[in-house]
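Comments concern the structure below.
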Amino acid sequence: MLEDGGRNSLSAEDACHQIHSVLARLPLLASPADVPFGDGLYFFYENGETSGHAPGGRVVRVGNHPCSDGSLRKRLAQHFSGRKNGSVFRKYLGGALLRRRDPDCPCLAPAPGKGHWELQNAKTCPECQQLEADVSALLRMSFRFRCVMVEDRRERNELEDLLIATLVACPVCRPSTSWLGHFAYSEKVASSGLWNSQGVGGPAMNRDQLERFQNLARASREKF
């Protein structure tokens, strides 16, 4: 039980179920251009990843544009067609693809998270150029997303961490045995079932925070 005293007490399992339920009422999108607002949180879904709370697809990444306003679509575009140094998500995906194909690939050496593909701001090699294309193709083929409008940057940043922590703490929404994230160098990604490391293990939502998120998600439906 995630305790916050009195009426605010809430179990991770119940909160996760309600999060997935309210998100399922929003349209599932394939392109950043489909997002009708500039500020908000995004929720990625991945082919083959479901749960008891989300038979149509469980959330596999929660994301944000934490340092700027009006750049939700731009941030999503960086994931779909950017470069690994501009998107931690792409870095995780590419590293997992490489490790599943060939754990001894030079792009991953000398150690998990230390090779030039997985090390932030490290320069890529010619082989990595093909990997960038592979990551873009994987995102187009296997991932879709939903968005919730959150205009206040501070609230966006707080909700992102709370949502990640809550989804990770749920005992029902676990990754499948074939999930690509099991090959990620980040132990937080591999064990949590989310393509996130920030926010994993942090404080989860209380009842008031969940209600606020549900209201934001319901209001977002009117924008589509």
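All residue numbers refer to positions in the sequence shown, counting from 1.
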Test: Arg83 cationic atom under 6.0 Å from Trp117 six-membered ring centre, within 45° of axis
no
For the residue pair Cys170 and His53, establish whether any side-chain heavy-atom pair is separated by less than 4.5 Å.
yes
Side chain of Asn196, backbone of Val62: donor and acceptor closer than 3.5 Å?
yes
How about Tyr92 and Tyr185: are their ring centroids closer than 6.0 Å?
yes
Any side-chain heavy atom of Phe213 within less than 4.5 Å of one from Val22?
yes
Measure across Phe224 and Asp34 and return the closest heavy-atom pair with its distance rounded to 0.1 Å.
CE2-O, 4.2 Å
Flag, side chain of Arg61 to backbone of Trp195, donor-acceptor distance under 3.5 Å:
yes
In Å and rounded to the nearest 0.5 Å, what is the CZ to OG distance from Arg174 to Ser51?
10.0 Å
Closest heavy-atom contact between Arg146 and Leu26?
NE-O, 2.7 Å
Any sub-3.5 Å donor-acceptor pair from Ser176's side-chain atoms to Trp179's backbone N or O?
yes
Check: Cys147 and Leu72 side chains under 4.5 Å, non-hydrogen atoms
yes
Taking the six-membered ring for Trp, are Phe143 and Phe89 parallel (under 30°), tilted (30 to 60°) or perpendicular (over 60°)?
perpendicular
What verdict does the side-chain contact (heavy atoms from CB on, under 4.5 Å) test give for Val135 and Leu97, after you've listed the backbone C-alpha separation in whole Å, the side-chain angles of each residue and the deciding distance to 0.1 Å?
CA-CA 8 Å; Val135 171; Leu97 283 173; 4.2 Å; yes
Determine whether Leu119 and Phe183 fall in the same hydrophobic cluster, where Ile, Leu, Val, Met, Phe, Trp and Tyr are linked whenever their side-chain heavy atoms lie under 4.5 Å apart.
no
What are the two closest non-hydrogen atoms of Cys16 and Leu167, and how far apart are they?
SG-CD2, 3.7 Å
For the salt bridge (charged side-chain N to carboxylate O under 4.0 Å, His left out) test, which of Arg75, Lys74, Arg154, Arg156 pairs with Asp39?
Arg156
Centres of the Phe43 and Tyr45 rings: under 6.0 Å?
no
Under 3.5 Å, is there a donor-acceptor pair between the side chain of Lys84 and the main chain of Ala122?
yes
Specify the closest pair of heavy atoms between Cys125 and Cys107, including all atoms of both residues, with the distance to one decimal.
SG-SG, 3.6 Å
Is any side-chain heavy atom of Ser191 closer than 4.5 Å to one of His182?
no
Would you compute the distance between atom OG of Ser220 and atom CE of Met149 and round it to the nearest 0.5 angstrom?
5.5 Å
Look up atom CG in Leu210 and atom CD in Gln18, then write down how far apart they are to the nearest 0.5 Å.
5.0 Å
What's the separation between atom NE2 in His116 and atom CG in Asn85, rounded to the nearest 0.5 Å?
10.5 Å
How long is the span from the CG atom in Asn64 to the CD atom in Gln198, to the nearest 0.5 Å?
9.0 Å
Can we say Arg212 and Glu155 salt-bridge, meaning some charged N sits less than 4.0 Å from an Asp/Glu carboxylate O?
yes
Tell me, with the steps shown, if Asn47 and Arg144 meet side-chain contact (heavy atoms from CB on, under 4.5 Å).
CA-CA 8 Å; Asn47 289 352; Arg144 296 291 183 269; 5.7 Å; no
Side-chain heavy atoms of Leu108 within contact of Glu118, under 4.5 Å
yes
Phe44 ring center near Phe145 ring center (under 6.0 Å)
yes
Taking atom CD of Glu158 as the centre, report whether more than 12 heavy atoms of other residues, nucleotides or ligands fall under 6.0 Å from it.
yes
Less than 4.5 Å apart, any side-chain heavy atom of Val60 and any of Glu46?
yes
Can you tell me if Arg100 uses its side chain to pair, donor with acceptor, with the backbone of Leu180 under 3.5 Å?
no
Is a side-chain donor or acceptor of Ser192 paired with a backbone partner of Lys188 at a separation under 3.5 angstrom?
yes
Rounded to the nearest 0.5 Å, what's the gap from OG1 on Thr166 to CG on Leu10? Could you check?
8.0 Å
Minimal non-hydrogen separation, Gly70 against His65, with atom names
N-CE1, 3.9 Å
Hey, does the side chain of His20 reach the backbone of Val59 with a donor-acceptor pair shorter than 3.5 angstrom?
yes
Give a yes or no on this: more than 12 heavy atoms of other residues, nucleotides or ligands lie within 6.0 Å of atom CD of Glu151.
no
Compare every heavy atom of Ala165 with every heavy atom of Gly199, then report the nearest pair and how far apart it is.
O-CB, 3.5 Å
Does any part of the side chain of Leu159, heavy atoms only, come nearer than 4.5 Å to the side chain of Leu216, both counted from C-beta?
yes
Do Val172 and Val200 land in one hydrophobic cluster if side-chain heavy atoms of ILVMFWY residues count as linked below 4.5 Å?
no
Between the side chains of Asp134 and Arg90, is the shortest nitrogen-to-carboxylate-oxygen separation below 4.0 Å, so that they form an ion pair?
no
When you measure from the side chain of Arg73 to the backbone of Phe37, do you find a donor-acceptor pair of N or O atoms at a distance under 3.5 Å?
yes
Any sub-3.5 Å donor-acceptor pair from Gln209's side-chain atoms to Asn206's backbone N or O?
yes
